[in-house]
Structure formats: C-alpha cells, structure tokens
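Just so we're clear, the structure is a prediction, and the values are computed from it rather than from any experiment. If you read the sequence from its start, that first residue is 1, and numbering goes on from there. Scope of the values below: all heavy atoms of this structure, side chains included, with no hydrogens, waters or symmetry mates.
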Amino acid sequence: MMSSSPSSSSSSAAAAAPLRQSIKMSQRSWVECDVAGSPSPSSGFETDPESAAESGISACSSMASIDGLLGSSFGGNDDDYDDYRRFRVATYNVLTDNCIRPDTYLYCPEHVRFMPGRHGRIMSEVMTMNPDVICFQEVDYGHFETRLKVDLNEMGYQGVLHERLDDQGLAVFWKDATFQLLQQKHCLLHHLAETHLQINGLSPVLKKTVRKAIERPEAVLLVRLRHQKSGRHLAVANLHVVWAQLKYPALQTLQTSLAVAELGEFAKGYRCAQIICGDFNTPPGSITYQLLSHGYLDPKLVDALKSSNSKLDEETDLIRAVGLFDLLSSAFKVKNRLKSAYKTALGSEPAITNCDDACQSYLCKMCLDYIFYCPLSLEVVGVLDTPSAASLTKHYALPSVDFPSDHIPLLAEIAFK
C-alpha cells in the first residue's frame, strides 16, 4: 500500500486440457481455468514433501508451520498442459522497513515486524510458489543487495532493481532456466506525462503548475524477456501506484494509464506478450480499475473523475479549479487490451490483498494488488487462491506471526497462445 531514483534508462493454439495441479498453502488452493478461460474445479491433487522432492520441486522449509501461506509444497501432472508454453508470474509488496514508523504496525510483535524477522518467510513463500517471474514492490537498496538478490540468485533467479528516491524500490526477478533478459527500462511516471503536456496545448505557466502537482517518486520498471523453451518474448511491467488514502483518484488513474501506455511502447515491434502487475493501490470498481479493464472511461466515470478531489497540492489553485483530467485528457486512455488473471480464473478479484492500519486510523482490508495480462497473446491456466479474511485478521492485521508482509503475494500460471 504505502507509496509516498533517477528517471528513465535503456520484451499457437489453445491448450487441449487444463492444468491438473493443486497448491495448498495453508488456506490457499490452486484454481484452474478451462480452455475458454472460465474457472474449473481444482483436481484436489496434493503432494507431500517426499513426493515433491522426487518430482524436483522443493518442499517447504520448517518455516511452513508458522507461515499463513505455507501448508505443503505442490506438484502436478506436466502432461496435462503444454509445458513449453506456460510460466508462472507473481507479484508481492514485501513492506520495506522504511515504511515502518515508530508509531505504526504496533500490533505486530517486534521480532516479526522488521525485515530480518520476515525475510526468511518471504523466501519460503517464493520457494513454495515457484514463480518464473516475480515482481516485488517496496524493496530498499540494502535489502536487495545483501539479502534478496543473494538468496534468489542461489534459487536460480536473476533480477534488476529500480531505486526510488523514497527507497521504496521496484524489483523484478526471473528464473534463468525459464527466461533470458533482453532489455530493461525504468521510468518515473510523471516524466511519462510530458508528451501529453505538449499536445494538450497548455500554457507555459500551466505546464509548470501541472509538473509540480504530479511530480512524485512513483515509477514503472519494465523488462523484456525471452522464453527459453518457446522463444517467445514477454514484456513485464512492475508498478506501484500512489496510495494517499485514495484521496487522488485522478492521479492514480493517470499514473496507471501512463504505465500501461509505456508498456505498450516498450513491447512494440517485438511481438511481445504483455503483463503488468503490482500494487495499484486501488480497489475493484474504482475508476482506475475500470480503465484498466475496459481501456476507456464511460461518460459517468469521466464525470466522477472530474468531480473527485483533483487537488494535488494545497497551493495549486489551477489544478484545484480545472482538474487533472481536463488538463491531461489525452493521457486517460489505455490502448492495450488487458484482463485480470484473478478475475478470469475466479470470476472476481480477491477480497483482500492488503490488511493494515499503517496509513490511517482504521483497518484497511481491501484488494489493491493485481496481475493483468494481454489476452491477445496469453491465456490464464490458473491462479493461487487467497487466504480467508478470518485468517488474515486472526492477529488483527498484517504483518503477523502468520504472514510476513502487510500484503499477500498473488500468483498466476499463464501460457503463450
């Protein structure tokens, strides 16, 4: 959730049968999709640690007994789906210690509140999920260099980091055995608005005002990968949108649309499949979510956006009077056709992906994290189900002795079409 680096630097036929695979991570289970992309019942197939080891899949560590996401490792029948086309993508906001102020997260015992007490369990979750690509949000440079990169390298991953000025960095890791890095790029989101500042015919004074209003540390990290087995290219965007307690829907929508547009440009010319995932800091049904899902805003949503609190700075009278949407209307469009992996598999988004009271005086329990994909070139095989509200709030909120971050990870298995 929490989001308060330098700018830019320079990604077949449908399956004959759904994946026969079950993941049991405490109260989480694998949900499959049929060929048409609709949810189908899980096979219920589980493996114990011994059989998992025999199949080459690492079993859970002893940390499983105290982690709310880990119950047993998983296995499956590789013959049920074209192995050369499929891969797993995860997204995970791991809560940097830089966001833990002395007066926050006091409900969490100190020994599991800070990263030294949480990192091992986060790694156990990654081992159990076994993603081929994982996007992390809220990664500070020290943690990346000394722990995250070191441990994931030993597990067969390579990764890149975008350092944010507020040290809430973005990191993307991929399995060497599955993908090869071809290109990477990171951009501050407010820099991506420059083109729209020029084409919307704003005066020099108003351009300066808008720049000041939208200048923030939020960024997008992009990688273009080559799938080793199929040779296909995949462009992945890792995004962490401004939170600000949902006060600025226009800014959230602007940041998201700019990131999606940049992903499209980044993948252009390479026939890349596209995925964008991360902490969008906006719930299902929001204006931002509707733009992502439909690619446009209908008149009612436009009116809602215009009437929302567009004020980005107490002293920015022009922004307050005119509104960000009217000033940068050309930016509030998404040309890429995108679908949510979880909504495709489950029929709806998870009920809760973030649970804390760190940024406000109330307990925030909502879905803020997503995995979106381009259905023109990708299809969803299945997703990892999410824990119940009861388990997430067993110790009031997250992180806790059961869960090592204030967000839970999402995981989708996806295949090239």
Side-chain angles (χ1 to χ4, degrees), residues 1-4 91-93 95 99 135 137-138 168 170 189-190 192-193 214 216-221 237-263 275-298 300-312 323-325 328 331-334 336 338-344 346 348-360 362-373 386 398 405-410 412:
M1 173 196 299
M2 296 189 70
S3 170
S4 353
T91 182
Y92 199 175
N93 183 325
L95 179 60
C99 290
C135 295
Q137 301 84 46
E138 292 194 22
Q168 296 184 34
L170 301 168
L189 296 176
H190 65 267
L192 298 177
I214 66 175
R216 295 188 53 86
E218 283 80 33
V220 60
L221 174 61
N238 183 9
L239 181 63
H240 191 187
V241 175
V242 62
W243 166 241
Q245 300 182 50
L246 302 176
K247 291 180 180 178
Y248 307 136
L251 179 58
Q252 290 182 314
T253 307
L254 174 66
Q255 289 186 340
T256 302
S257 61
L258 290 171
V260 172
E262 185 64 19
L263 172 62
I275 290 175
I276 183 167
C277 59
D279 179 0
F280 291 76
N281 270 325
T282 190
S286 68
I287 296 173
T288 301
Y289 184 88
Q290 293 301 311
L291 181 65
L292 273 169
S293 301
H294 302 297
Y296 64 93
L297 297 174
D298 64 36
K300 290 184 179 180
L301 291 177
V302 171
D303 290 341
L305 200 61
K306 289 182 177 181
S307 63
S308 68
N309 184 1
S310 301
K311 180 176 61 176
L312 303 179
L324 193 59
F325 179 85
L328 292 173
F332 288 81
K333 299 174 183 177
V334 172
N336 320 36
L338 299 172
K339 292 181 70 175
S340 163
Y342 270 74
K343 188 169 184 181
T344 298
L346 301 177
S348 64
E349 299 292 352
I352 301 173
T353 66
N354 169 252
C355 181
D356 68 45
D357 66 358
C359 298
Q360 57 281 315
Y362 59 91
L363 181 60
C364 175
K365 298 185 297 180
M366 62 177 67
C367 178
L368 301 175
D369 307 82
Y370 307 96
I371 299 173
F372 280 90
Y373 68 100
T386 53
L398 309 182
S405 178
D406 57 349
H407 290 248
I408 58 171
L410 300 181

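Among Asp356, Asp369, Thr91, the single residue meeting the side-chain hydrogen bond (donor to acceptor under 3.5 Å, both in side chains) criterion with His407 is Asp369.
Smallest separation of non-hydrogen atoms from Asn336 and Leu263: ND2-C, 4.3 Å. Contact between Val241 and Glu218 at its shortest, heavy atoms only, is C-CG, 4.0 Å. Minimum interatomic distance between Leu239 and Ala219 (heavy atoms only, all atoms of both residues): CD1-O, 3.6 Å. Counting all heavy atoms, side chain and backbone alike, Leu410 lies closest to Thr353 at CD2-CG2, 4.1 Å.
You'll find the side chain of Asn93 stays beyond 4.5 Å of the side chain of Pro409, heavy atoms only. No side-chain heavy atom of Asn354 sits less than 4.5 Å from a side-chain heavy atom of Ile408. Under the 4.5 Å side-chain criterion, counting only non-hydrogen atoms from C-beta, Leu291 is not in contact with Thr256. For the pair Gln137 and Gln168, the minimum side-chain heavy-atom distance is 4.5 Å or more.
By the side-chain contact (heavy atoms from CB on, under 4.5 Å) test, Ser293 is found to be paired with Tyr289, Phe372, residues two or more places apart in sequence or in another chain being considered. Residues satisfying the side-chain contact (heavy atoms from CB on, under 4.5 Å) criterion with Gln290, sequence neighbours excluded, are His294, Leu301.
Taking the ring centroids of Phe325 and Phe332, they lie under the 6.0 Å cut-off.
A donor-acceptor contact under 3.5 angstrom links the side chains of Thr288 and Thr253, judged on distance only.
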How far apart are the C-alpha atoms of Thr282 and Leu368, what are their side-chain angles, what is the distance that settles it, and do they pass the side-chain contact (heavy atoms from CB on, under 4.5 Å) test?
CA-CA 5 Å; Thr282 190; Leu368 301 175; 5.5 Å; no
Determine, step by step, whether Lys333 and Ser257 satisfy the side-chain contact (heavy atoms from CB on, under 4.5 Å) criterion, reporting the C-alpha distance in whole Å, the side-chain angles of both residues, the deciding distance to 0.1 Å, and the verdict. CA-CA 6 Å; Lys333 299 174 183 177; Ser257 61; over 6 Å; no
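Formation of a donor-acceptor pair under 3.5 Å by the Gln252 side chain with backbone atoms of Asn281 is found in this model.
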